Amino acid sequence: MQAFLIDTFSFCQNHEQREGSVRIADFPRLSAECAHGNSELNWSLEGGFNQLGHPKLTLTVDGQVELMCQRCLTPFGFEINSQSELILAKNEAHADEIEAMLEDDEVDVVVGSKSFNVMDLIEDEALL
């Protein structure tokens with residue numbers, strides 16, 4: 001899998017947006033869970049700010065994967081249609097402060113960086 005690195009804070013500051021498609025076979029952990037790695041996931045990533053002014057990334061992932069039924073051991077299609085919001089923190093202590101302030105289990109707080117791998121984020125979202 002080829003890395004797609006972004007500076008998360010700059011991405012949010014500039015309200016950037018990227019989108020694309022990636023093969024399941026390009027994700028080592030996800031392809032290990034799938035019966036076939038020949039399908040693709042579509043994704044989009046948008047930078048911005050939440051209502052409190054914290055930088056945020058909005059990730060959308062959709063597509064179909066072929067999983068193996070553990071009961072009958074035959075493949076079946078599973079539709080992924082996910083959107084998640086990630087609030088960016090400067091460090092772990094800042095992340096804890098933001099999480100306490102938000103009190104929202106639907107929003108994840110992550111530590112941003114200048115070399116954040118978007119492909120890892122997409123694979124994590126698909127696995128969840």
Side-chain angles (χ1 to χ4, degrees):
M1 168 176 58
Q2 185 165 346
F4 171 42
L5 304 177
I6 63 169
D7 177 335
T8 54
F9 296 107
S10 175
F11 194 87
C12 292
Q13 183 69 36
N14 296 322
H15 296 273
E16 291 185 50
Q17 183 174 1
R18 298 282 193 288
E19 59 185 34
S21 296
V22 64
R23 294 175 340 135
I24 300 294
D26 291 339
F27 294 117
R29 294 176 295 144
L30 181 59
S31 62
E33 299 294 325
C34 295
H36 306 287
N38 51 3
S39 58
E40 290 187 343
L41 291 178
N42 301 309
W43 61 271
S44 69
L45 183 68
E46 184 177 335
F49 295 89
N50 72 356
Q51 64 276 14
L52 299 174
H54 296 107
K56 76 171 183 175
L57 296 172
T58 303
L59 175 66
T60 303
V61 178
D62 63 70
Q64 185 166 326
V65 295
E66 292 286 319
L67 300 176
M68 188 64 73
C69 176
Q70 297 302 304
R71 185 178 202 187
C72 65
L73 300 177
T74 59
F76 70 96
F78 181 80
E79 191 71 31
I80 295 175
N81 188 0
S82 172
Q83 182 172 0
S84 62
E85 185 176 301
L86 303 164
I87 303 298
L88 301 177
K90 297 173 189 170
N91 53 44
E92 290 293 335
H94 188 227
D96 292 340
E97 289 175 23
I98 294 171
E99 283 182 346
M101 185 182 350
L102 292 177
E103 296 180 354
D104 185 353
D105 291 338
E106 297 295 313
V107 177
D108 292 320
V109 180
V110 298
V111 176
S113 75
K114 292 188 181 291
S115 58
F116 195 84
N117 190 346
V118 175
M119 291 297 119
D120 287 344
L121 184 63
I122 294 166
E123 185 176 29
D124 288 345
E125 187 65 27
L127 285 167
L128 292 173

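Quantities reported herein were computed from a predicted structural model and do not represent experimental measurements. Starting from 1, each residue takes its place in the sequence as its number. What you see below is based on every heavy atom in this structure, not just the backbone, and it leaves out hydrogens, waters and symmetry mates.
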Please name the pair of heavy atoms, one in [X] and one in [Y], separated by the smallest distance, quoted to 0.1 Å.
X      : Y      : value
Phe116 : Leu121 : CE2-CD2, 3.8 Å
Glu40  : Ser21  : OE1-CB, 3.6 Å
Val22  : Met119 : CG2-SD, 4.3 Å

For residues [X] and [Y], determine if any side-chain heavy atom of one lies less than 4.5 Å from a side-chain heavy atom of the other.
X      : Y      : result
Ile87  : Pro55  : no
Leu127 : Phe27  : no
Val109 : His94  : no
Ser39  : Gln64  : no
Lys114 : Phe9   : no
Glu125 : Trp43  : no
Ser82  : Leu128 : no

(request) Look only at the side chain of Gln83 and the backbone of Asn81, and say whether a donor-acceptor pair between them is shorter than 3.5 Å. (result)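 A pair under 3.5 Å: no.
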(request) Indicate the ring-plane relationship of His15 and Phe49, choosing parallel, tilted or perpendicular according to the 30° and 60° boundaries. (result)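 The rings of His15 and Phe49 stand perpendicular, inter-plane angle above 60°.
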(request) Nearest 0.5 Å please: distance from the NE2 atom of His54 over to the CG atom of Leu86. (result)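 CG of Leu86 is found 14.5 Å from NE2 of His54.
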(message) To the nearest 0.5 Å, what is the distance between CG on Asn91 and CD on Glu97?
(response)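 Reported to 0.5 Å precision, the distance equals 8.0 Å.
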(request) Test Asn38 against Ile24 for side-chain contact (heavy atoms from CB on, under 4.5 Å), laying out the working first. (result) CA-CA 6 Å; Asn38 51 3; Ile24 300 294; over 6 Å; no
